[in-house]
Amino acid sequence: MNHRKTLTGTLLAATLLASGCTGGGGSSKGAEAEAAGDPSQVSGTITVLTHRTDIVQDGTMTKYAEEFNKTYPKVKVEFDGITDYEAEVKIRMNTENYGDVLMIPAVIQKNDYPKFFASLGTQKELGEKYRFTGFTTVDGKVYGQSPMGATPGFLYNKRIWAEAGVTEWPTTPAEFLTALKAVKSRTDAIPYYTNFAAQWPLTQWTYINGSVSCDTGATTRLAEGNPWGEDGELRVGDRLLYDIVDQGLIEKDPATTNWENSKPRLAKGEIATAWLGSWAIIQFRQAAEKAGADPDDIGFMPFPARVDGKACAIATPDYNQAVNIHSEHKKAARAWIDWFTDKSGYAADNLSISTLKDAPLPEVLRPYEEQGVELIELDDTEGGTVKEIDSASEVGIYGPAYRQELVDLARGAKDGDVDDFLDDLGKRWTEAEKTVGS
């Protein structure tokens with residue numbers, strides 16, 4: 001399985017855990033995963049569930065464990081790499097046997113975290129050192145910690161865009177469309193690649209939320225307003241996606257797209273642009289090297305929106321690691337999470353944003369610094385409510401279905417009017433808001 005940025009819910013399943021599947025609780029409910037004291041006194045064998053089957057198979061995770069053992073010699077770390085991570089771990093969590101450390105599946109409702117995971121401490125304490133603590137905080141306690149973060153944006157081939165005569169980042173959706181039209185008319189590249197067939201890349205469009213408004217309270221506005229209203233950020237993003245497709249700026253047949261093949265194709269200049277996340281940069285650069293192309297051709301730009309002349313991009317966590325509340329080795333499990341976040345170099349290895357607040361941005365985001373793009377972290381206090389609204393509305397902002405419909409509408413494979421389509425999403429969403437929590 002290729003590493004895919006989840007952005008707190010990219011792979012959200014359409015179904016939720018059955019209401020009775022709380023994973024139990026027993027006498028361990030509320031147990032804390034204490035920070036390790038003397039490393040020589042921490043012991044036990046722990047199983048780490050991970051979606052990163054690629055680096056389990058190539059031995060990278062074993063090398064991390066070997067480094068970890070230099071500090072914690074009495075802890076044995078075993079890895080369980082799972083290809084269909086979300087689906088399989090959801091089933092395992094009907095029992096108490098879901099590893100000692102695991103990536104929190106998107107299907108788990110945020111407010112249910114205390115049923116499944118041991119607290120790592122208070123947000124007040126951990127928030128001083130780490131980014132993203134709010135995404136796993138319930139009633140003031142943190143239940144997960146991400147080893148790295150990312151920001152959404154457009155991967156693009158700088159050489160192709162330059163050949164098209166576009167050397168400055170577009171600042172509005174209209175400018176972006178003009179740039180793609182230049183790519184189409186002046187080069188042989190596909191201006192924009194939807195990755196429609198893979199489905200999950202379409203969910204990345206949800207994460208324009210916050211970038212359009214530069215508002216750290218954008219998640220709260222999702223919980224209280226209409227994301228597809230006149231000023232709704234999802235309407236801005238979805239309308240741009242629609243226009244890209246409607247104006248013929250994509251591949252000939254979206255149903256035949258291929259995620260793996262898109263990497264070398266963008267690297268070589270056969271594809272010009274794709275909306276993904278900064279986590280993907282390293283994959284596309286590696287694809288360039290394998291294809292004999294120049295890795296430096298892979299560029300990254302923020303969403304084409306500005307507030308008072310300033311561009312914003314949200315910084316979000318990757319999968320959050322948590323300690324199974326039923327683990328018999330909570331201290332060893334906690335030691336792994338802390339070491340992997342603080343000392344492993346995993347974020348740097350993946351050219352990603354460090355979870356440590358005092359760490360510098362990765363080199364790949366240096367253009368953001370140079371051009372004054374502000375990285376903002378959204379307040380996720382209402383994140384659980386948003387997921388409940390999303391479930392009740394059956395819209396699925398963290399799933400691919402409605403955007404596949406949007407693409408089909410734009411390319412003429414589905415009948416309808418785009419404004420009616422987006423208005424209907426907003427109606428379903430706002431009606432769900434009235435039922436959630438009532």
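These numbers come from the heavy atoms of this one structure, side chains and all, not from hydrogens, waters or symmetry mates. Since the model is a prediction, treat every value here as computed from it, not as a measurement.
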Donor on one side chain, acceptor on other, [X] and [Y], under 3.5 Å:
X	Y	result
Tyr64	Asp349	yes
Asp238	Tyr402	yes
Ser213	Glu233	yes
Gln145	Thr341	yes
Gln247	Lys181	yes
Glu388	Thr385	no
Thr194	Glu251	yes

Between [X] and [Y], is any pair of side-chain heavy atoms under 4.5 Å apart?
X	Y	answer
Thr203	Tyr398	no
Val89	Ile82	yes
Asn258	Arg265	no

Salt bridge present between [X] and [Y] (N-O < 4.0 angstrom):
X	Y	answer
Asp297	Lys158	no
Glu374	Lys310	yes
Asp390	Lys387	no
Arg235	Asp423	yes

Distance, nearest 0.5 Å, that separates [atom1] of [X] from [atom2] of [Y]:
X	Y	atom1	atom2	answer
Tyr192	Ile244	OH	CD1	6.0 Å
Arg306	Glu175	CZ	CD	8.5 Å
Glu433	Asn226	CD	CG	7.5 Å
Lys63	Ser344	NZ	OG	14.0 Å
Ile298	Gln286	CD1	CD	11.5 Å
Leu49	Ile104	CG	CD1	12.0 Å

Give a yes or no on whether the backbone of Pro152 and the side-chain of Gln204 come within a donor-acceptor separation of less than 3.5 Å.
-> no
What pair of heavy atoms forms the shortest contact from Asp215 to Leu378, and how long is it?
-> O-CD2, 3.4 Å
In terms of heavy-atom contacts, Thr219 and Asn209 come closest through N-ND2, 4.0 Å
Taking [atom1] in [X] as the centre, count heavy atoms belonging to other residues, nucleotides or ligands within less than 6.0 Å. Is the count above 12?
X	atom1	result
Asp139	CG	no
Asp296	CG	yes
Glu168	CD	no
Asp188	CG	no

Determine the interplanar angle of the Trp200 and Trp259 rings, folded into 0 to 90°, and report it as parallel if under 30°, tilted if 30 to 60°, perpendicular if over 60°.
-> perpendicular
Tell me whether the centres of the aromatic rings in [X] and [Y] are closer together than 6.0 Å.
X	Y	value
Tyr319	Tyr85	yes
Trp275	Tyr156	no
Phe340	Phe68	no
Tyr242	Trp205	no

Given Glu88 and Arg92, is the side chain to side chain contact (heavy atoms under 4.5 Å, CB included) satisfied, shown in steps?
-> CA-CA 6 Å; Glu88 185 168 333; Arg92 292 192 193 187; 2.6 Å; yes
With a cut-off of 3.5 Å and sequence neighbours excluded, list every side-chain donor-acceptor pair involving residues 126-137.
residue	atom	partner	partner atom	Å
Lys129	NZ	Asp342	OD2	2.9
Tyr130	OH	Asp342	OD1	2.9
Tyr130	OH	Asp342	OD2	3.1
Arg131	NE	Ser354	O	3.0
Thr136	OG1	Gly144	N	3.2
Thr136	OG1	Gly144	O	2.8
Thr137	OG1	Thr133	O	2.7

From Phe300, Trp161, Phe176, residue fulfilling ring-ring contact (aromatic ring centres under 6.0 Å, His included) relative to Phe154 | Phe176
